[in-house]
Amino acid sequence: MFHKEGSKIILITLLLVVGIIFSADYFLKDISWLRTVAFLFALVILVLVLQFFRNPTRVADNSDNHILAPVDGKVVVIEEVYEPEYFKDKRLMVSIFMSPINVHVTRYCVNGIVKYSKYHPGKYLVAWHPKASEENERTTVVINNRIYGEIMYRQIAGALARRIVNYAQEGMRVVQGKDAGFIKFGSRVDIYLPLGTEINVKLGEKAIGNKTVISKKA
């Protein structure tokens with residue numbers, strides 16, 4: 001299953017691959033090794049694009065008592081930070097870095113009402129850069145959850161990402177595990193939690209969107 005945000009790129013890639021195959025078969029029919037290389041090159045391009053836009057079906061264990069990972073990737077930061085955009089106070093931040101081979105669907109990490117949703121144009125520093133959260137292209141979304149209160153997540157473009165898709169709109173009631181957006185080609189998501197929130201993941205841990213529990217309350 002592939003994400004709808006990849007439909008246009010997948011179609012263009014298919015046309016490009018078909019063009020390469022037919023061109024190679026016509027113009028390189030007497031150079032078999034080069035024709036084979038062209039075929040393999042086209043196949044690799046198609047596989048890379050298809051794997052990037054894959055959208056595996058994952059049924060979330062929906063509950064207000066836990067926060068699920070919004071994306072696949074590696075937990076690279078767990079620390080207290082000052083959040084200047086919305087809360088304007090200290091929060092506990094958990095950052096998940098996505099490489100180009102990870103699933104890039106963003107999913108709602110909690111149930112609740114969207115209180116804030118804003119897009120920020122910006123730079124394309126590497127996603128793990130300390131200033132990426134404040135200077136890169138990004139979207140900021142705050143969801144008011146019945147148990148945890150206001151939870152923020154921020155989609156951040158990386159060096160390769162050139163478009164962030166965000167479905168959250170202020171006033172929307174969102175459901176944990178449903179699609180919240182997509183970040184194309186390398187990125188990071190930061191989650192901002194109230195201080196004192198118990199964290200269930202560790203640095204370096206591989207997070208799985210809709211499956212890994214970031215925090216849980218009894």
Side-chain angles (χ1 to χ4, degrees), residues 3 55-83 85-87 89-99 101-117 127-128 130 132-134 136 138-158 161 164-168 172-183 186-218:
H3 199 276
N55 186 13
T57 300
R58 295 176 186 160
V59 179
D61 181 12
N62 189 299
S63 172
D64 283 332
N65 292 316
H66 64 213
I67 298 170
L68 298 180
V71 292
D72 290 18
K74 182 180 180 181
V75 178
V76 293
V77 176
I78 302 174
E79 65 181 12
E80 290 185 13
V81 299
Y82 179 77
E83 197 295 300
E85 179 180 349
Y86 180 84
F87 294 114
D89 63 14
K90 285 191 174 182
R91 294 279 145 169
L92 184 58
M93 182 179 76
V94 178
S95 295
I96 300 175
F97 171 72
M98 292 172 282
S99 74
I101 64 172
N102 285 128
V103 173
H104 275 60
V105 181
T106 306
R107 297 177 170 93
Y108 294 112
C109 56
V110 292
N111 297 311
I113 303 295
V114 177
K115 306 296 290 184
Y116 181 82
S117 180
W128 60 84
S133 183
E134 298 177 1
N136 277 22
R138 61 201 181 279
T139 62
T140 302
V141 176
V142 178
I143 301 173
N144 189 24
N145 174 261
R146 184 175 63 87
I147 301 297
Y148 283 89
E150 291 185 330
I151 302 297
M152 173 189 286
Y153 69 86
R154 182 172 284 144
Q155 298 169 291
I156 303 168
I164 295 176
V165 180
N166 172 34
Y167 301 149
M172 284 178 57
R173 179 177 293 278
V174 298
V175 178
Q176 188 178 59
K178 297 298 183 181
D179 281 9
F182 200 94
I183 315 178
S187 47
R188 164 181 145 195
V189 170
D190 295 343
I191 310 162
Y192 293 82
L193 309 171
L195 293 181
T197 301
E198 183 177 347
I199 302 299
N200 284 33
V201 293
K202 298 178 180 179
L203 284 175
E205 182 175 338
K206 180 182 178 182
I208 301 175
N210 260 19
K211 295 296 181 183
T212 300
V213 176
I214 300 295
S215 177
K216 186 175 184 179
K217 291 189 177 183

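For clarity, every value in this text was computed on a predicted model and none was experimentally measured. Values below: all heavy atoms of this structure, side chains included; hydrogens, waters and symmetry mates excluded.
- Taking each heavy atom of Ala207 and Ile96 in turn, the nearest pair found is CB-CD1, 4.0 Å.
- Between Pro194 and Ile151 the shortest side-chain heavy-atom distance falls below 4.5 Å.
- Residue Asn166 is tested with Thr139, Ile183, Thr140 for a side-chain contact (heavy atoms from CB on, under 4.5 Å); the sole match is Thr139.
- When each of Ile147, Thr197, Ile67 is paired with Lys217, the side-chain contact (heavy atoms from CB on, under 4.5 Å) condition holds for Ile147 and for no other.
- Surrounding NZ of Lys206 are at most 12 heavy atoms belonging to other residues, nucleotides or ligands under 6.0 Å away.
- Screening Arg91, Lys90, Arg154 for a salt bridge (charged side-chain N to carboxylate O under 4.0 Å, His left out) involving Glu83 leaves a single residue, Arg154.
- Tested against Phe97 for a side-chain contact (heavy atoms from CB on, under 4.5 Å), the candidates Ile156, Val75, Val76 yield a single pass: Val76.
- Note: Glu205 CD to Thr212 OG1 = 6.0 Å, rounded to the nearest 0.5 Å.
- A heavy-atom distance below 4.5 Å is not found between the side chains of Val174 and Tyr167.
- Between Asp61 and His66, some side-chain heavy-atom pair lies under the 4.5 Å cut-off.
- Remark: the backbone N or O of Cys109 is paired with a side-chain donor or acceptor of Gln176 at under 3.5 angstrom.
- Between Val71 and Asn102 there is no side-chain heavy-atom pair separated by less than 4.5 Å.
- Between the OG atom of Ser215 and the CD1 atom of Ile191 there is a distance of 10.0 Å, given to the nearest 0.5 Å.
- Using a cut-off of 4.0 Å between Lys/Arg side-chain N and Asp/Glu carboxylate O, Arg58 and Asp72 are scored as salt-bridged.
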Please assess Asn55 against Asp179 for the test side-chain contact (heavy atoms from CB on, under 4.5 Å), listing each intermediate value before the final yes or no.
CA-CA 10 Å; Asn55 186 13; Asp179 281 9; 3.7 Å; yes

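- How far CD1 of Ile214 is from CD1 of Ile199: 7.0 Å, rounded to the nearest 0.5 Å.
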The test is side-chain contact (heavy atoms from CB on, under 4.5 Å); show your working for Val77 and Val94 and say whether it passes.
CA-CA 6 Å; Val77 176; Val94 178; over 6 Å; no

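- With rounding to the nearest 0.5 Å, the separation of CD in Gln155 from OG in Ser187 is 8.0 Å.
- Of all the heavy atoms in Asn145 and Tyr148, the pair that sits closest is OD1-N, 2.9 Å.
- The shortest heavy-atom contact between Val175 and Tyr108 is O-CB, 3.6 Å.
- With no hydrogens or angles considered, no side-chain donor-acceptor pair links Thr106 and Tyr153 at under 3.5 Å.
- Here the CD atom belonging to Glu79 is positioned 5.0 Å from the CE atom belonging to Met93, to the nearest 0.5 angstrom.
- Side-chain contact annotation: Glu150 with Tyr116, donor-acceptor N/O pair under 3.5 Å absent.
- The main-chain N or O of Ala168 is found under 3.5 Å from a side-chain atom of Ser117 such that the two form a donor-acceptor pair.
- Using a 4.5 Å heavy-atom cutoff, the side chains of Ile143 and Ile113 are not in contact.
- With rounding to the nearest 0.5 Å, the separation of CZ in Arg173 from CG in Asn144 is 10.0 Å.
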